[in-house]
Structures are given as C-alpha cells and as structure tokens.
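Only one structure is covered here, and it is reproduced in the block below.
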Amino acid sequence: MKKKTCTCHRQYSSAITEGVERAASRAMLHAVGFSDNDFQKSQIGVASTWSMVTPCNMHIDKLARQSEKGINAAGGKAVIFNTITVSDGISMGTEGMKYSLVSREVIADSIETVCGCEGFDGLVAIGGCDKNMPGCLIAMARLNRPSIFVYGGTILPGKHAGRDVDIVSVFEAVGRHARGDINDSELHDIECCAIPGAGSCGGMYTANTMASAIEAMGMSLPNSSALAAVSQKKRDDCRNAGAAVLNLIKKGIRPSDILTRDAMLNAVTIVTALGGSTNAVLHLLAIAHTANIKLSIDDFTKIGRKVPVLADLKPSGQYVMADLVRIGGVTPLMKTLLKAGLLQGNCLTVTGKTLKQNLHGVKPYPAKQQVIRPLNNPIKQTGHLVILRGNLAPEGSVAKISGKEGTRFEGKARVFSSEEKALQAILAGRIRKGHVIVIRYEGPKGGPGMREMLSPTSAIMGQGLGKDVALITDGRFSGGSHGFVVGHITPEAAIGGPIALIKNGDPIIIDADKCSITLNVPVTELKRRKKAWKPMRARYTRGVLAKYAATVSTASVGAVTD
C-alpha cells in the first residue's frame, strides 16, 4: 500500500500517484517504466515536436532523450510525449499552408491537454519550426507550471557555386528561373543542396527569430537560441534544461514569474536588433495575451524608435545563423543592449537568476567580425518592423522595412483574391514597375489561416523587382520574405475591411516614415463600394479550418483563439 508523503515537489503528480485509490494509475505507470521510487519524484513532461515531416524537427526525438537524461539525473522522472508539427517550407504557396498558423493553436492545446491530464509537475518543451515555439510558450503560460523551452537549433547552410544557400535561395531561384536567368539544371542543383540536414531554416527567419525572442524573455537557458541543431552543445543544452526545470520546481518559479511586460519588451528589443521576422509580432502578441500581459502592436513602434537593427543576417543581409553561432550567439548582443540601457536586466529567467546576472561573464564578440554591427554603426538606425495605419489599415498593419528598399512607395493596385493568382501573374511577367500587388482574403478568418506569402515575395525578388513593386496583404509573411512588403492588414477583407474595397488601378501610398498606408480614393467612393460589398462564402464549413475561422481574433491582437 502506498503511504501519502510530502508532495511539495509533486504538486500535480501526487494527485495521480498518491494513495491506495491510485493503484490503477500506478499500475499503468509501472508498465511504461516507473519504479516504486519514481512515484516519489517530480514528474516532468518532455514535449517533443519530433517529426519526419520537416528537417526542422527530424532530430528532436534525440534531443528529447537528452532532456530525459538531464531530468532523471537531477532526481526527477521524465515522461516524453509528442505533439504535432507542420512544415511551412513544404506547404508554402499551397492550400496546405492554411494549416500552418492553425497548428500553433493545436500544439498549445495538445501540450496543455497532456500536461493537465497526466499531472506533470513541470515541463520541458523542445521546438524546431516556426509554430512549435509560440505554441509551446502559449501552453506554458496557460499551465503556469515550472517550464523551460529548448530550441532545436539552426541548420547549417548548404553550398552552391561557393555561396551559402538555404530554403529562401530555392524560392528565389524559382523567380530567377521564370525570368530566364537560370536553367532547369541549375534550379535542380540549388534545390538539391540548399537543405543539407537537420535544423531550422538558417537565416534570421521566423524560427531563429522566435528562439532568440524566447531566450530574451527568459524562458530558455542562455544561448539556447544560437546553437547548431546537430552539435554537442545543443545536446548539452537539452540535458541542462532537464536539470534546470527541477531547480525551478525547488524554487517555486513559474512562467508567470518570468513572463512580465518587461520580459516581453526585451523580446521585442532582440527581435528588432536582429532584424527578425514579422511573425514575431503575431506570436509575441499571442503569448502576451495568454499570459495576461499588456502588449500591443504599438509597442513594436516604440521599441523601434530607439533600438537599431544591428544584425547583417538573411534574408535582407548576407550572413546566416550559423555565422552568429560561430561568433558567440545572442548573449554578447544582449549584453551590449543591456549596457546601453535598451534591455531590462532585472527580469527573472529560467536559470533562477536575472537576465543581468546571466550576462555577467559574457565576453564581447570577436574583433573584426561583421555579423553584428556596433551600436554606433548600425544596419538601420531605427527598427525594421513598422506598424502602419491609415484608411487602408485602420487597426494596423506590419511592414518590414530593412532600409534597402526605401521608406516610401506609391503605386497602382493590382488586386488578387488569393496567393495562387498573384503568383501566377508574377511568374507570367504581368507585374510591372510601380505596381502594388494586393493579396486579400488570406487573413485569419478569410484564408482561413493567414498564409505566409513567401512564394510571391521570393518570385518578386527573383525577377529583379524587389525595389520596383510593393506587396500588401491581410495574410502574413515568412521570415524569409523581404522587399517592400506590408502584411497583417486589419480589418481583413473577409470581414469587410478596406482592403476588400480596393480595385485595380487604385493609387496606394505606403510611407514608413509617417507610419501610414493610404488608399488614395475619395471617401464617398469608398462608402459606395462598402455598401455594395458582399462577403465571400466560407471556404471551409467543417473541420479544423472551419473551427479556427469561427473562433480566431484579428491579427492586430495576435490571431488568438481563446
């Protein structure tokens, strides 16, 4: 018979394993490897996003085993379980991409479900692709049990003709092929060497952006965001995270102690300094919402006014994440920003120490490195993520302005009601200098699912039109997108937002300096169009996409479903 014992370190698992009435529960746990002694230990769930769906996650089963070793060696009992992942890179430009943002909610729901049902006392979650990471953080915020996130790590770049290549190189090669700059053979060569193995896409795309943001907010161990996926240091990171979660339980530190407004602003600061993905806006808003933290799209503007872009990283720069790993990762950058008063150092982290304490012994970047610029010589003096408002986006939109494409664009609308139709027009050469490509009915409800527009933006770059055309959408962009692009336009077309009223030839003015986006059409004409507008029929009436469309909020508050 099991006697009841102190449950201070088993706040949740004791309800599953303590007492004679839980004999059946213990019997099932014996079958999956528990000993009698294990019932006296903290049970730690290890959420593995392993899948052979994508190279981003194909190695995470092995990393989960390392976290299991760290937990067990530190006196806990690890229980590995899986959640889903999908591949943005594979589904990009297809109907399947509509499931991408939806998967963030499914991942969060599934982790919450397993941890809540099984009574885990703590959680280590390991993610490797774009939606895994915010999905894991949303679940941690909901559960509010001692938790640590581990990034699966970045991929190493491929090589083609002596140059680093990655997945965005392939998308842009499709545009170059359509233009006639490369033939079938060279396109095939790039395709075959761009992804050499396991790990997340190698530039400062969404995966590396979110990993860096999560570290900055204190939910990962130092430099977890900047390690190669296939490396001893990443395996060590996983074991260390396993041990660290037991320390969080001992000290009673929960996500609600770490996820504060200052921590979220630190995340925004790092995203800005790194020139990170527009998806960070969507995901950080969603995490903050779940954690009951006040964060708005306007906070990105405020941070961007004082934080410069310092990282010369792809897609708009020349280096890849592996280069940042080589020079020391993200922590030297964080220490630089801390010394400049741009980060809040008193924020608690998963080490049990403050951010300032974590950074105390961090050495500066090597002399003469070119990946991260000094504060007095930035890539861009102000942030690249610019929140635009105006009669075209009264509730806001997100522009990614690297500075290379200028800060103002005025052109004539070319309107498309789906990503596929826009891509066809680009590849067929029907887009000309001075066009503003409008892709609508791709928002959270209208898509549904808010697809990323990497295929059309890459085709634009591949055809050499990056500085000559703009693209605006109520959908979103991949972290690999660059050029004069504006996404997350709200209200979206599906609910009758102004983007639904645009006609071919309408003049559109985008001004990043004034933070404005304007449909230059008389108010009386827009009122006439609004009166005549009729909503499109729902594209899905059953299944996960229909449920998502019925519950999802606007992009300006994170496209959340709770």
(request) Taking side chain to side chain donor-acceptor pair (under 3.5 Å) as the test, write out the residues that go with T113, two or more places apart. (result) none
(request) Check side chain to side chain donor-acceptor pair (under 3.5 Å) between S231 and all other residues, then give those that pass, not counting sequence neighbours. (result) none
Quick check: does any side chain N or O of [X] sit under 3.5 Å from a backbone N or O of [Y], one acting as donor and the other as acceptor?
X: T260; Y: A263; result: yes
X: W50; Y: M58; result: yes
X: D121; Y: S42; result: no
X: Q43; Y: A78; result: no

Pair [X], [Y]: side-chain N/O donor-acceptor within cut-off below 3.5 Å:
X: N132; Y: N57; answer: yes
X: S220; Y: E215; answer: no
X: D130; Y: Y205; answer: no
X: S277; Y: T206; answer: yes
X: S110; Y: T83; answer: yes
X: N208; Y: Y151; answer: yes
X: S100; Y: D88; answer: yes
X: N346; Y: T354; answer: no

(message) Whether R389 and D298 form a salt bridge (side-chain N of Lys/Arg under 4.0 Å from carboxylate O of Asp/Glu) is what I want to check.
(response) yes
(request) Decide whether a cation-pi geometry holds between R145 and F120; the criteria are a distance under 6.0 Å from NZ or CZ to the six-membered ring centre and an angle within 45° of the ring axis. (result) no
(message) Restricting to salt bridge (charged side-chain N to carboxylate O under 4.0 Å, His left out), what partner residues turn up for D38, sequence neighbours left out?
(response) K41, K77
(request) Go through the structure and list residues passing salt bridge (charged side-chain N to carboxylate O under 4.0 Å, His left out) with R476, not counting sequence neighbours. (result) E452
For [X], does the [atom1] atom have more than 12 heavy-atom neighbours from other residues, nucleotides or ligands under 6.0 Å away?
X: R254; atom1: CZ; answer: yes
X: Q232; atom1: CD; answer: yes
X: K380; atom1: NZ; answer: yes

(message) Suppose the criterion is side chain to side chain donor-acceptor pair (under 3.5 Å): which pairs have a residue in residues 264-275, not counting sequence neighbours?
(response) none
(message) Quick check for you: to the nearest 0.5 Å, what is the distance between N358 atom CG and T349 atom OG1?
(response) 4.0 Å
Donor-acceptor contacts, no H, no angles, side chain residues 281-295, under 3.5 Å, sequence neighbours left out:
residue : atom : partner : partner atom : Å
H283    : ND1  : R104    : NH1          : 3.1
H289    : NE2  : D562    : OD1          : 3.1
T290    : OG1  : A286    : O            : 2.9

(message) As a test of understanding, state which of R239, K233, K234 forms a salt bridge (charged side-chain N to carboxylate O under 4.0 Å, His left out) with D237.
(response) K234
